[in-house]
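Notes follow once the structure below has been shown.
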Amino acid sequence: MGDFATDTEPYRRELLAHCYRMLGSVDDAEDVVQETYLRAWRSYEAFQGRSSVRTWLHRIATNACLSALSHRSRRFLPSGLGGPSDDPMTPPMPADSQWVQPVPDSMLDPAAIVTARDSLRIALIATLQELPGRQRAVFLLRDVLAWPASDVAQVMGSSTAAVKSTLQRARARLAQVPPDVEQTVEPGELSAVLAHYIAAVEEADGAALEQVLRVDASVEATPWRTWFSGRATCLPYLVRQVLGSPGTWRLLPTGANGQPAVVAYHRGQAYGVLLLTVTSAGIARINAFGDPGLVKRFGFPASV
């Protein structure tokens with residue numbers, strides 16, 4: 001037998017991404033990864049190498065995720081709770097819901113962000129939450145990690161035939177609610193759009209913000225169930241209910257879910273994190289997560 005840390009540590013970030021996709025929460029994913037390593041350490045001496053260390057760890061992590069899902073409510077984005085409001089002066093309505101969380105790029109394997117970026121996008125993470133736990137696990141192992149069905153069967157403790165059947169059901173269900181995963185732009189163009197957006201918000205400049213929003217842009221923000229679609233509705237909502245006066249907001253660029261993002265401060269105090277879906281035609285979607293605790297999670301101070 002080798003050394004436990006040497007054998008298992010290279011898979012920590014991969015396991016975190018897997019658990020995050022399963023659970024839709026970076027907080028829950030970290031807890032499950034910690035539990036996975038504790039379980040693995042306790043049973044390391046009994047591990048006989050009948051599978052690879054990677055497969056063994058994923059089996060422990062997947063089972064831990066399935067156990068966690070059996071005791072927790074499904075997580076949503078606001079758009080998963082109903083249609084958009086067509087009145088930009090609608091007061092946002094809160095919802096008693098568990099929300100999908102963003103994950104900082106800094107917590108993930110940089111290679112995975114490049115090669116599997118679409119599988120981390122917040123729209124897909126939210127859509128995955130509609131799958132039953134075992135279907136979700138099989139889909140992620142087969143279609144995201146591209147594992148052979150035989151390896152997935154080892155992880156799931158089932159037959160290869162059962163894995164294929166479960167995957168077929170998962171694909172059919174996802175086809176009914178395809179995730180809105182937009183094609184993004186090259187890094188240089190993306191940086192320019194992000195800089196334009198930050199300046200528009202910090203300067204409370206509605207005209208500048210209009211230039212950067214796509215005509216069919218949408219805006220949603222937790223913990224509100226109310227969300228908006230179409231620039232004609234989103235822009236007046238942002239101008240009249242969100243922007244305030246110049247200096248109300250401070251935005252600091254970061255990355256989350258393989259997407260451009262900003263950490264946001266409202267009047268100097270932590271507000272949360274905003275993810276942007278940027279396309280060649282402009283910003284297609286703004287997902288705002290109004291949770292000051294996320295600011296610390298992303299490595300930023302509580303105030304500026």
Side-chain angles (χ1 to χ4, degrees), residues 20 24-31 75-79 81 85 88-108 122 125-126 190-191 193-210 212-213 217-228 234-278 283 285-304:
Y20 170 70
S25 162
V26 64
D27 292 335
D28 291 350
E30 272 207 317
D31 289 345
R75 290 182 175 271
F76 293 88
L77 289 176
S79 54
L81 296 176
S85 170
M89 295 310 294
T90 299
M93 298 292 293
D96 184 15
S97 176
Q98 293 290 312
W99 302 110
V100 170
Q101 290 182 323
V103 61
D105 284 353
S106 60
M107 296 179 67
L108 303 172
I122 201 70
I125 298 301
L190 188 151
S191 297
V193 172
L194 182 60
H196 189 159
Y197 171 75
I198 289 174
V201 173
E202 291 187 341
E203 295 166 15
D205 187 338
L209 190 57
E210 182 177 14
V212 80
L213 289 178
S218 62
V219 175
E220 50 187 314
T222 66
W224 314 114
R225 68 177 301 142
T226 309
W227 65 287
F228 303 90
C234 292
L235 187 64
Y237 161 69
L238 292 171
V239 169
R240 298 172 189 173
Q241 296 203 56
V242 177
L243 292 185
S245 57
T248 297
W249 292 93
R250 174 86 183 278
L251 307 183
L252 302 178
T254 185
N257 295 73
Q259 300 177 230
V262 294
V263 167
Y265 296 85
H266 184 256
R267 303 191 187 281
Q269 301 302 309
Y271 162 80
V273 175
L274 284 66
L275 271 66
L276 308 178
T277 301
V278 181
I283 295 174
R285 182 177 294 269
I286 301 172
N287 289 103
F289 298 88
D291 178 357
L294 285 173
V295 172
K296 182 179 180 181
R297 167 73 71 185
F298 276 70
F300 288 78
S303 60
V304 292

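When a residue number appears, it is its place in the shown sequence, counting from 1. Owing to the predicted nature of the structure, the values given are computational and were not obtained by experimental measurement.
- Between the CZ atom in Arg225 and the CG atom in Asp96 there is a gap of 10.5 Å [rounded to 0.5 Å].
- Summarising the geometry of Pro260 relative to Val278, their closest heavy-atom pair is CG-CG2, 3.8 Å, with the distance given to 0.1 Å.
- When side chains are defined from C-beta on, Thr248 counts as touching Arg267, because their heavy atoms get closer than 4.5 Å.
- With hydrogens and angles disregarded, no donor-acceptor distance shorter than 3.5 Å links the side chain of Glu220 to the backbone of Leu77.
- Remark: Tyr271 OH to Leu251 CG distance equals 11.0 Å, nearest 0.5 Å.
- With hydrogens and angles disregarded, a donor-acceptor distance shorter than 3.5 Å links the side chain of Asn257 to the backbone of Val103.
- The backbone N or O of Val26 lies less than 3.5 Å from a partner atom in the side chain of Gln101, making a donor-acceptor pair.
- Pro102 and Ala256 get closest at one heavy-atom pair: CB-CB, 4.3 Å.
- Interatomic distance, Tyr237 OH to Trp227 CH2, rounded to the nearest 0.5 Å: 13.0 Å.
- Taking CG of Leu235 as the reference point, atom CZ of Phe228 lies at 12.5 Å (rounded to 0.5 Å).
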Inset, instruction - Start with the C-alpha distance between Tyr197 and Leu274, add both sets of side-chain angles, then the distance that settles side chain to side chain contact (heavy atoms under 4.5 Å, CB included), and finish with yes or no. - result: CA-CA 11 Å; Tyr197 171 75; Leu274 284 66; 3.3 Å; yes
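- Contact check for Pro78 versus Trp99: side-chain heavy atoms found under the 4.5 Å cut-off.
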Inset, instruction - Please report the C-alpha distance between Val201 and Val262 in whole Å, then the side-chain angles of each, then the deciding distance to 0.1 Å, and finally whether the side chain to side chain contact (heavy atoms under 4.5 Å, CB included) criterion is met. - result: CA-CA 11 Å; Val201 173; Val262 294; over 6 Å; no
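- Here NE2 of His196 is found 9.0 Å from CG of Leu213. Values are rounded to the nearest 0.5 Å.
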Inset, instruction - Tell me, with the steps shown, if Arg297 and Glu30 meet side chain to side chain contact (heavy atoms under 4.5 Å, CB included). - result: CA-CA 11 Å; Arg297 167 73 71 185; Glu30 272 207 317; 2.4 Å; yes
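- Taken from OG1 in Thr222 to CG in Asn287, the straight-line distance is 9.0 Å, to the nearest 0.5 Å.
- Put simply, the side chain of Thr254 does not reach to within 4.5 Å of the side chain of Pro104, judged on heavy atoms.
- Side-chain atoms of Glu203 never come within 3.5 Å of backbone atoms of Pro246 as a donor-acceptor pair (strictly under, hydrogens ignored).
- The shortest heavy-atom contact between Phe76 and Ser97 is CD1-OG, 3.3 Å.
- Here the side chain of Gln241 pairs a donor or acceptor atom with the backbone of Pro88 at under 3.5 angstrom.
- In terms of heavy atoms, Gly258 sits closest to Asp105 at N-OD1, 2.9 Å.
- Gln259 and Thr277 make their closest contact through NE2-OG1, 3.3 Å (heavy atoms, listed as atom of the first residue, atom of the second, distance).
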Inset, instruction - Show your working on salt bridge (charged side-chain N to carboxylate O under 4.0 Å, His left out) between Asp28 and Arg75 and close with a plain yes or no. - result: CA-CA 11 Å; Asp28 291 350; Arg75 290 182 175 271; 3.2 Å; yes
Inset, instruction - Please step through side chain to side chain contact (heavy atoms under 4.5 Å, CB included) for the pair Phe289 and Leu275, ending with a clear verdict. - result: CA-CA 8 Å; Phe289 298 88; Leu275 271 66; 4.0 Å; yes
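- Closest non-hydrogen pair, Gly24 versus Ile125, comes out as CA-CG2, 3.8 Å.
- Here the side chain of Trp249 pairs a donor or acceptor atom with the backbone of Val242 at under 3.5 angstrom.
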